[in-house]
> 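Below is one structure. I have some questions about it.
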Amino acid sequence: ASVISVPLSFFAGIGGASANGILIKGSTYMEILAKVGTVVFDKTGTLTKGNFKVVDIELYSDKSEPDVLKYATIAEMNSNHPIAISLREAYKIKTLQGEGAKDSLEDIENSVDNDNYEEISGYGIKAVYNGELIYVGNSKLMDQLNISYKACSKLGTVVYVAVGDSADNVNCIGSIVIADEIKTDSKEAIKKLSEGGVSKTVMLTGDRKNIAEYVGNNIGITDIYSELLPGDKVDKLEAVLSTVETNSKVAFVGDGINDAPVLARADVGIAMGGLGQDAAIEAADVVIMDDKPSNIAKAINISKKTLRIVKQNIVFAIGIKILVMIMAAVGMASMWYAVFADVGVCFIAILNALRAMKYKG
Ligand code: ADP
Ligand code: MG
């Protein structure tokens with residue numbers, strides 16, 4: 001009965017989870033999910049939509065707004081970071097509105113040099129176009145390259161655009177403020193997790209402190225670490241891992257853009273399947289197909305239910321057998337007791353295992 005019902009419970013649990021849009025890559029991860037006490041989140045693309053919109057452009061030179069956007073678009077042409085997608089989109093809208101943007105997005109796409117381009121994870125982009133050097137990224141990128149810039153304090157993710165003819169003559173020509181939206185069910189997701197027994201939620205982000213705290217406060221995460229590079233995220237996760245009790249597990253949830261290493265390092269890595277990159281979906285142990293953070297609590301609850309059923313079956317199957325054995329020893333059991341202890345118990349355990357497939361809530 002146990003040999004049949006235990007794997008069957010896990011299959012049923014995994015099947016039930018996938019019917020809810022949650023792919024769990026094996027029974028081991030179900031066992032870990034059932035013990036998760038800490039959930040660590042990435043921000044962009046995980047708690048927020050990763051659907052940035054340009055809300056403001058500040059100019060620091062005689063270059064116009066379309067010029068600043070055009071340089072940004074040139075640099076971001078080959079990136080699939082949510083920021084890159086939004087900048088290209090904003091430039092496209094400018095060209096359609098005919099607001100001083102002369103080259104179409106297609107013209108730029110055909111003329112960029114795909115080899116002279118470097119994506120600096122957690123910082124931004126470096127590109128060369130028509131002999132000009134272009135840097136597009138956050139304040140850390142500007143600091144690292146010793147480019148002087150006027151810090152923009154607006155609430156949002158700030159992307160600085162710097163252009164020059166040689167490495168020691170690069171000037172910041174403007175900043176673009178882009179804003180992301182918090183996913184509608186992020187707040188509920190955090191609430192459901194704490195109701196379900198997750199004692200701690202943490203946010204790790206490469207974005208700025210003010211925006212990180214804004215998102216965290218809004219949805220109810222108190223442990224916030226911002227302005228992290230991909231490597232820092234791994235260090236912070238190590239720190240979290242070292243503080244939890246041995247029987248409590250740590251899950252990391254990310255979209256994989258700049259956080260694949262953390263996904264791999266956590267006890268269980270959960271990736272957003274819609275927005276996420278292929279590498280992340282591969283590195284993750286669990287994939288949330290519809291990108292809804294509230295499905296994390298669901299995945300944990302399905303795993304807990306499945307493990308409960310597995311334990312019930314083991315106790316039931318072995319318990320009945322021992323009972324019938326004792327009864328047989330004292331001469332109280334007939335052949336039919338033995339048949340029930342074997343086939344009957346097996347049948348009931350299978351029926352119980354199939355309950356793992358159904359999950360409401
Ligand atoms: P998060 O940790 O919130 O998911 P990321 O690690 O993806 O964010 O990015 C961290 C920061 O690095 C961004 O907020 C941005 O400032 C900068 N950055 C990363 N990639 C790019 C890019 N392609 N263009 C501009 N800035 C970028
Ligand atoms: Mg991210």
Side-chain angles (χ1 to χ4, degrees), residues 40-52 54 57 68-69 71-91 112 117-127 134-145 147 149 151-152 154-162 172 174-183 186 202-216 219 221 224-237 252-263 270-272 275-277 279-280 291 293:
V40 182
F41 290 92
D42 165 59
K43 180 180 74 67
T44 315
T46 304
L47 293 170
T48 66
K49 290 182 182 166
N51 183 9
F52 288 96
V54 172
I57 300 180
V68 171
L69 259 182
Y71 278 113
T73 303
I74 291 167
E76 301 277 10
M77 208 71 224
N78 290 303
S79 169
N80 55 5
H81 195 281
I83 293 179
I85 296 166
S86 71
L87 292 175
R88 292 199 294 265
E89 187 63 29
Y91 183 74
V112 288
Y117 148 89
E118 191 189 340
E119 184 147 5
I120 315 163
S121 194
Y123 288 93
I125 304 274
K126 174 190 173 188
I134 308 172
Y135 294 99
V136 178
N138 51 24
S139 55
K140 269 188 292 192
L141 180 73
M142 299 293 122
D143 290 336
Q144 195 196 39
L145 298 163
I147 301 170
Y149 63 97
C152 170
K154 297 225 169 70
L155 186 67
T157 302
V158 180
V159 180
Y160 295 93
V161 182
C172 183
S175 65
I176 305 171
V177 184
I178 51 182
D180 196 358
E181 269 176 280
I182 297 172
K183 287 185 190 169
S186 288
V202 182
M203 180 165 96
L204 305 181
T205 176
D207 212 344
R208 293 198 309 168
K209 191 163 179 243
N210 66 356
I211 189 80
E213 282 177 349
Y214 170 77
V215 174
I219 62 176
I221 296 188
I224 301 164
Y225 301 97
S226 54
E227 307 190 18
L228 301 173
L229 294 175
D232 302 335
K233 287 191 184 178
V234 178
D235 295 343
K236 283 279 181 255
L237 183 78
F252 178 80
V253 195
D255 63 346
I257 298 179
N258 299 337
D259 53 25
V262 215
L263 268 175
I270 306 176
M272 294 295 163
L275 263 175
Q277 289 184 325
D291 289 353

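Heavy atoms only: backbone and side chains are in, while hydrogens, waters and symmetry mates are out. First listed ligand is number 1; within each ligand, the first listed atom is number 1. In what follows, residues are counted from 1 in the order of the sequence shown.
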> Could you tell me if the side chain of Thr157 sits less than 4.5 Å from the side chain of Asp180, heavy atoms only?
no
> Find all atoms of ligand 1 within a distance of less than 4.0 Å from any non-hydrogen atom belonging to His81, and give their numbers and elements.
5 (P), 7 (O), 9 (O), 19 (C), 20 (N), 23 (N)
> Output the list of atoms in ligand 1 that are nearer than 4.0 Å to some heavy atom of Asn138, sorted by atom number.
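Contacts of ligand 1 toward Asn138, numbered from 1: 11 (C), 12 (O), 15 (C), 16 (O), 17 (C).
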> If I apply the N/O under 3.5 Å rule, does Gly122 come out as touching ligand 1?
yes
> In terms of atom number and element, which parts of ligand 1 are under 4.0 angstrom from non-hydrogen atoms of Thr157?
14 (O)
> Heavy-atom contacts with Asp207 under 4.0 Å: which atoms of ligand 1 show up? List them by number with element.
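Counting from 1, the qualifying ligand atoms are 14 (O).
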> Can a donor-acceptor pair be found, under 3.5 Å and without considering hydrogens, that links the side chain of Arg208 to the backbone of Val158?
no
> Is there side-chain contact between Tyr160 and Ile147, with at least one heavy-atom pair below 4.5 Å?
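No. Closest side-chain heavy atoms not under 4.5 Å.
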> For Asp255, is at least one N or O under 3.5 Å away from an N or O on ligand 1?
no
> Which of the numbered atoms in ligand 1 are under 4.0 angstrom from any heavy atom belonging to Ser79?
23 (N)
> Out of Gly206, Gly45, Pro82, whose heavy atom is nearest to atom 10 (C) of ligand 1?
Gly206
> If you measure every N or O of Asp42 against every N or O of ligand 1, does any of those distances drop under 3.5 Å?
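Yes; at least one N/O pair falls below 3.5 Å.
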> Out of all atoms in ligand 1, which are within 4.0 Å of some heavy atom of Glu119? Include the element for each.
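So the answer, numbered in order with elements, is 23 (N).
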> If you count the atoms of ligand 1 from 1 in the order shown, which ones are under 4.0 Å from a heavy atom of Thr44?
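Reading through ligand 1 atom by atom, the close ones are 1 (P), 3 (O), 4 (O), 8 (O).
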> Numbering the atoms of ligand 1 from 1, which are under 4.0 Å from a heavy atom of Lys43?
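Going through ligand 1 atom by atom, the ones under 4.0 Å from Lys43 are 3 (O).
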> Are any of the side-chain heavy atoms of Asp291 and Lys183 separated by less than 4.5 Å?
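Yes; the side chains approach each other to less than 4.5 Å.
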> Output yes when a side-chain donor or acceptor of Asn138 lies under 3.5 Å from a complementary backbone atom of Gly124, and no otherwise.
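Answer holds: no.
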> Does the N or O separation between Gly137 and ligand 1 drop below 3.5 Å for any pair?
no
> Just so I know, are the side chains of Met142 and Tyr135 near enough to count as touching, which here means a heavy-atom distance under 4.5 Å?
yes
> Considering non-hydrogen atoms only, spot the tightest contact between Gly206 and Lys140 and give its length.
O-NZ, 4.4 Å
> I'd like to know if the side chain of Asp232 and the backbone of Leu229 have a donor-acceptor N/O pair within less than 3.5 Å.
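Yes, the answer is positive, given that a donor and an acceptor are paired below the 3.5 Å cut-off.
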> How does Asp259 reach ligand 1, by side chain, by backbone, by both or by neither, if only non-hydrogen atoms under 4.0 Å count?
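Answer for Asp259: neither.
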> Okay, side chain of Thr46, backbone of Phe41: is any donor-acceptor separation there less than 3.5 Å?
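Absent.
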> Counting N and O atoms only, with roles assigned by atom type, does the side chain of Glu181 sit under 3.5 Å from a partner on the main chain of Asn51, one being a donor and the other an acceptor?
no
> Tell me the contacting part of Glu76 for ligand 1: side chain, backbone, both, or neither, using a 4.0 Å heavy-atom threshold, strictly below.
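Within the 4.0 Å criterion, Glu76 contacts ligand 1 through side-chain atoms alone.
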> So is Lys233 in contact with ligand 1, going by heavy-atom distances below 4.0 Å?
yes
> Before giving the answer on side chain to side chain contact (heavy atoms under 4.5 Å, CB included), spell out for Leu237 and Val234 the whole-Å C-alpha distance, their side-chain angles and the decisive distance to 0.1 Å.
CA-CA 5 Å; Leu237 183 78; Val234 178; 5.7 Å; no
> Could you say whether the N/O atoms of Thr205 and ligand 1 ever approach to under 3.5 Å?
yes
